[in-house]
Asks: 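Pasting a structure here, questions to come.
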Amino acid sequence: MAKIPMRRGGGGPFPPIAEYGFLSDCESNCLVAPSGNVEWMCVPRPDAPSMFGAVLDRAAGGFRFGPDRTFIPAGRRYLPGTNVLETTWQTPTGWLIVTDCLVVDRWHRTHRRSKTHRRTPGDWDAAHVLLRLARCEHGEVDLSLVCEPNFDYGRSPESWCYEGNDYSTGVISHAGSDPGPSSLLSLRLRTDLRLGFDGRRALARTTLREGDTAFVALTWRAEDPMLPDSYQQACSAVERTTEFWRQWLSRGTFPDHPWRQHLQRSALALKGLTYAPTGALLAAATTSLPETPQGERNWDYRYSWIRDSTFALWGLYTLGLDSEANDFFSFIADVAENADDIQVMYRVGGEPRIDEEILGHLSGYDGATPVRIGNEAAKQRQHDVWGVILDSVYLHTRSRDYLSERLWPVLVRLVEAAAEHWQEPDRGMWEVRGKPQHFTVSKMLCWVALDRGRRLAQMRGDYATAERWSEIAAEIHADVLAKGVDDRGVFTQYYGSAALDASVLLMPLLGFLPPTDDRVKATVLAVADELTVDGLVLRYRTDQTDDGVAGEEGAFLICSFWLVSALVEIGEVTRARQLCERLLSLASPLDLYAEEIDPADGRHLGNFPQAFTHLALINAVMYVIRAEDGDSYTRPSSAG
């Protein structure tokens with residue numbers, strides 16, 4: 001059985017992945033351990049080098065704000081409808097509440113344009129401030145502050161110095177950690193406590209009595225830093241941040257159902273994984289959290305995978321939260337407008353180069369090495385990417401009856417790429433690092449690209465192009481039916497293979513075949529019965545797939561949620577609900593999900609929080625709710 005890390009904080013053993021809290025301002029994000037220690041944060045962008053990296057090595061930097069000598073909180077929650085985290089502490093002498101957020105404030109750039117925003121500005125903007133408030137509710141509590149950045153993934157410790165004539169503000173700087181136009185990153189720490197410095201450690205300590213308060217704010221904004229000067233100003237910043245999240249969530253449509261909170265938390269997680277200046281969506285907030293305990297399946301997910309992003313839009317669209325799609329499609333146009341084809345992933349600013357590097361100086365989460373930054377998969381050929389883009393664009397175009405003239409030439413090139421390359425092997429949806437294969441789902445998603453392209457061309461009145469693409473789509477469809485099915489009538493991982501692959505669950509969800517087709521039913525039931533461990537779905541069996549990496553992995557949560565949706569499609573609603581209830585019960589204490597679950601003990605594995613998982617949760621939950629209400633729920637893009 002996998003070793004469970006001890007649940008302590010600060011410099012102690014690693015907390016379980018599922019116990020981290022996630023904060024975001026839609027430009028930066030961070031993870032907060034139960035101990036109150038910020039253990040992962042990269043600024044000024046989520047794909048920049050870390051300044052707090054304790055999640056990957058206990059010496060790689062952290063920022064703790066909480067009771068002295070007490071590391072296990074009495075309770076943690078998000079303020080309802082927000083990504084604002086509240087932690088309640090009981091110490092031997094009193095009770096303390098700490099509130100954490102990355103501040104979102106009203107748009108403030110009234111005299112000068114942003115250097116990073118390429119999308120249309122809204123009413124709100126990231127303030128680039130990590131804000132932490134403490135209030136003693138009863139008795140008295142010894143409060144401790146330790147802010148210890150270690151820049152460039154723990155390779156560049158610097159020293160704090162005072163700013164001004166009092167003890168309230170400190171500054172620490174590092175050259176060369178910003179991937180953007182600036183080469184200098186400066187942090188400014190302000191508090192109503194008395195700061196002291198010990199090299200890279202900024203320290204403060206005081207005793208709060210009932211009704212007493214304290215705050216600390218950390219900013220990396222170089223120009224016009226928006227730091228509060230008092231606890232009252234800090235509270236106002238939290239209130240405005242709360243207003244932003246609740247205002248955004250109120251635009252959605254959520255069923256009056258016991259599972260509503262799971263839908264809302266997943267929507268907030270997806271929104272928190274956006275990068276507002278460009279419209280990019282992150283696959284996850286972290287790098288190298290292991291898919292195998294103490295194993296080597298450790299990858300960097302802090303980039304915008306085209307597949308993950310478009311799938312995420314499906315989930316948000318399902319809830320009526322579709323404005324993010326416009327920004328992301330503009331991001332697609334930005335990165336592909338002058339390119340012959342599109343990459344699998346990009347940096348959040350749209351940069352195509354994502355070189356992979358191993359950080360040998362880091363011990364890894366709970367001893368899992370290597371720690372990787374960058375991702376070599378950016379150079380792979382993955383033929384599903386064309387289909388997921390075309391499907392998402394078609395989904396949104398149908399609902400709005402509008403397609404950007406700037407985007408259409410990009411889509412034409414993507415459809416033509418699918419038409420040209422669909423007969424070639426690729427690395428597949430799961431980015432295997434072994435031999436390329438003729439993956440069944442890659443072929444199916446090439447069909448999706450041609451099919452959705454055909455429909456979009458018809459909507460534009462280009463019937464000649466629509467007819468040509470329709471003929472190629474029919475050819476792909478026939479090829480998959482002829483070569484992607486085994487003797488049992490079950491779709492397999494790749495042509496000529498007997499191995500199962502959970503990605504084939506997408507076939508009925510994307511309308512490749514109707515759910516009444518015997519091959520669809522046989523495939524869904526085969527995955528449910530043969531590609532599961534204790535009822536949870538594997539991507540594939542690692543001993544049957546040449547993925548180029550040693551070791552096993554946990555059950556992939558997105559695949560289990562796909563199975564819920566597919567079971568509903570084939571009429572197995574009771575079985576679907578039972579599986580959905582179990583998956584929802586496996587959520588983290590804060591209703592978040594990593595990429596995988598260890599079926600043996602329910603431990604979360606992989607990067608966190610994972611966009612793929614949360615989008616699949618939304619679709620699966622809506623499938624079950626609609627089915628039990630007697631409504632037929634089919635994704636609009638799979639309709640004729």
Side-chain angles (χ1 to χ4, degrees), residues 305-318 322 324-326 328-333 336 341-342 344 382-423 426 429 439-481 503-515 562 565 569 615 619 634-640:
W305 265 257
I306 301 303
R307 176 196 312 109
D308 296 36
S309 300
T310 51
F311 281 176
L313 296 178
W314 297 354
L316 292 175
Y317 178 90
T318 298
D322 58 355
E324 284 66 32
N326 287 340
F328 182 71
F329 294 148
S330 294
F331 176 76
I332 292 289
D341 200 358
I342 196 164
V344 173
Q382 298 174 21
H383 293 168
D384 63 288
V385 66
W386 306 307
V388 294
I389 293 175
L390 266 295
D391 185 68
S392 188
V393 171
Y394 175 68
L395 173 69
H396 289 270
T397 300
R398 280 194 55 175
S399 67
R400 298 183 176 207
D401 196 27
Y402 170 76
L403 177 61
S404 165
E405 289 298 321
R406 180 180 175 226
L407 188 59
W408 176 244
V410 173
L411 299 179
V412 170
R413 291 202 301 275
L414 299 183
V415 177
E416 294 293 356
E420 179 180 354
H421 298 291
W422 73 267
Q423 298 182 70
D426 73 325
M429 175 178 290
F439 287 101
T440 301
V441 165
S442 292
K443 310 291 187 186
M444 186 268 289
L445 278 160
C446 285
W447 170 83
V448 169
L450 272 298
D451 177 75
R452 306 309 194 256
R454 180 262 302 176
R455 300 182 193 192
L456 289 167
Q458 288 177 334
M459 293 169 64
R460 291 175 56 85
D462 188 350
Y463 298 107
T465 298
E467 179 62 26
R468 181 168 63 86
W469 287 348
S470 180
E471 292 173 359
I472 301 172
E475 184 182 355
I476 301 172
H477 198 275
D479 192 73
V480 173
L481 295 182
S503 62
V504 296
L505 294 170
L506 288 171
M507 285 191 164
L509 309 184
L510 287 166
F512 183 78
L513 285 173
W562 281 346
S565 301
E569 285 275 17
L615 69 92
N619 286 327
T634 303
R635 291 181 60 255
S637 58
S638 64

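Everything numeric in this text was worked out from a predicted model, so none of it was measured.
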Asks: For the side chain of Arg454 and the backbone of Ala473, is there at least one donor-acceptor N/O pair under 3.5 Å apart?
Replies: no
Asks: State, with a plain yes or no, whether a side-chain heavy atom of Leu313 is found less than 4.5 Å away from one of Asp322.
Replies: no
Asks: Would you call Glu416-Arg468 a salt bridge at under 4.0 Å N-O?
Replies: yes
Asks: Could I get the full list of ring-ring contact (aromatic ring centres under 6.0 Å, His included) partners for Phe512, not counting sequence neighbours?
Replies: Trp447, His477
Asks: Output the distance between atom CD (Gln423) and atom CD1 (Ile476), rounded to the nearest 0.5 Å.
Replies: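 So the CD of Gln423 and the CD1 of Ile476 are separated by 8.5 Å.
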Asks: With rounding to the nearest 0.5 angstrom, report the OG to CZ distance, Ser470 to Arg455.
Replies: 10.0 Å
Asks: Do Ser565 and Asn619 meet the criterion of a side-chain donor-acceptor pair at a distance under 3.5 Å?
Replies: no
Asks: Please determine whether side-chain contact (heavy atoms from CB on, under 4.5 Å) holds for the pair Val480 and Met507, giving the CA-CA distance in whole Å, both sets of side-chain angles, and the decisive distance to 0.1 Å.
Replies: CA-CA 11 Å; Val480 173; Met507 285 191 164; 4.0 Å; yes
Asks: Could you check Leu316 against Phe328 for side-chain contact (heavy atoms from CB on, under 4.5 Å), going step by step and ending with a plain yes or no?
Replies: CA-CA 12 Å; Leu316 292 175; Phe328 182 71; over 6 Å; no
Asks: What pair of heavy atoms forms the shortest contact from Lys443 to Trp422, and how long is it?
Replies: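 For Lys443 and Trp422, the tightest heavy-atom pair comes out as NZ-O, 2.7 Å.
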Asks: Check the pair Trp305 / Val385 against side-chain contact (heavy atoms from CB on, under 4.5 Å), numbers first and verdict last.
Replies: CA-CA 9 Å; Trp305 265 257; Val385 66; over 6 Å; no
Asks: Identify which one of Leu411, Val393, Val410, Thr397 satisfies the side-chain contact (heavy atoms from CB on, under 4.5 Å) criterion when paired with Phe329.
Replies: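 Single side-chain contact (heavy atoms from CB on, under 4.5 Å) partner of Phe329 among Leu411, Val393, Val410, Thr397: Val393.
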Asks: With rounding to the nearest 0.5 Å, note down the distance linking CG in Leu395 to CG in Leu390.
Replies: 12.5 Å
Asks: What are the two closest heavy atoms between Glu569 and Pro508, and how far apart are they?
Replies: OE2-O, 3.8 Å
Asks: How close do Val448 and Gly387 get, counting heavy atoms only, and between which atoms?
Replies: CG1-O, 3.5 Å
Asks: Could you check if a side-chain atom of Val415 sits within less than 4.5 angstrom of a side-chain atom of Ile472, using non-hydrogen atoms only?
Replies: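 SC-SC contact between Val415 and Ile472 ruled out.
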Asks: Measure the CZ-OG1 distance between Arg460 and Thr465 for me, rounded to the nearest 0.5 Å.
Replies: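 Between atom CZ of Arg460 and atom OG1 of Thr465 there are 9.5 Å.
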Asks: Salt bridge or not for Arg307 and Asp384, using N-O below 4.0 Å?
Replies: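 Yes, charged N to carboxylate O under 4.0 Å.
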Asks: For the residue pair His421 and His383, what are the closest heavy atoms and their distance?
Replies: O-CE1, 3.3 Å
Asks: Grab the two heavy atoms, one from Glu405 and one from Pro409, that are nearest each other, plus how far apart they are.
Replies: O-CD, 3.0 Å
Asks: Nearest 0.5 angstrom please: Trp469 CH2 to Asp462 CG, how far?
Replies: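 It is 7.0 Å, given to the nearest 0.5 Å.
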Asks: Just by distance, do the side chain of Thr310 and the backbone of Ile306 share a donor-acceptor pair under 3.5 Å?
Replies: yes
Asks: Given Leu481 and Leu513, is the side-chain contact (heavy atoms from CB on, under 4.5 Å) satisfied, shown in steps?
Replies: CA-CA 10 Å; Leu481 295 182; Leu513 285 173; 3.9 Å; yes
Asks: So how far is it from Asp426 CG to Phe439 CZ, rounded to the nearest 0.5 Å?
Replies: 6.5 Å
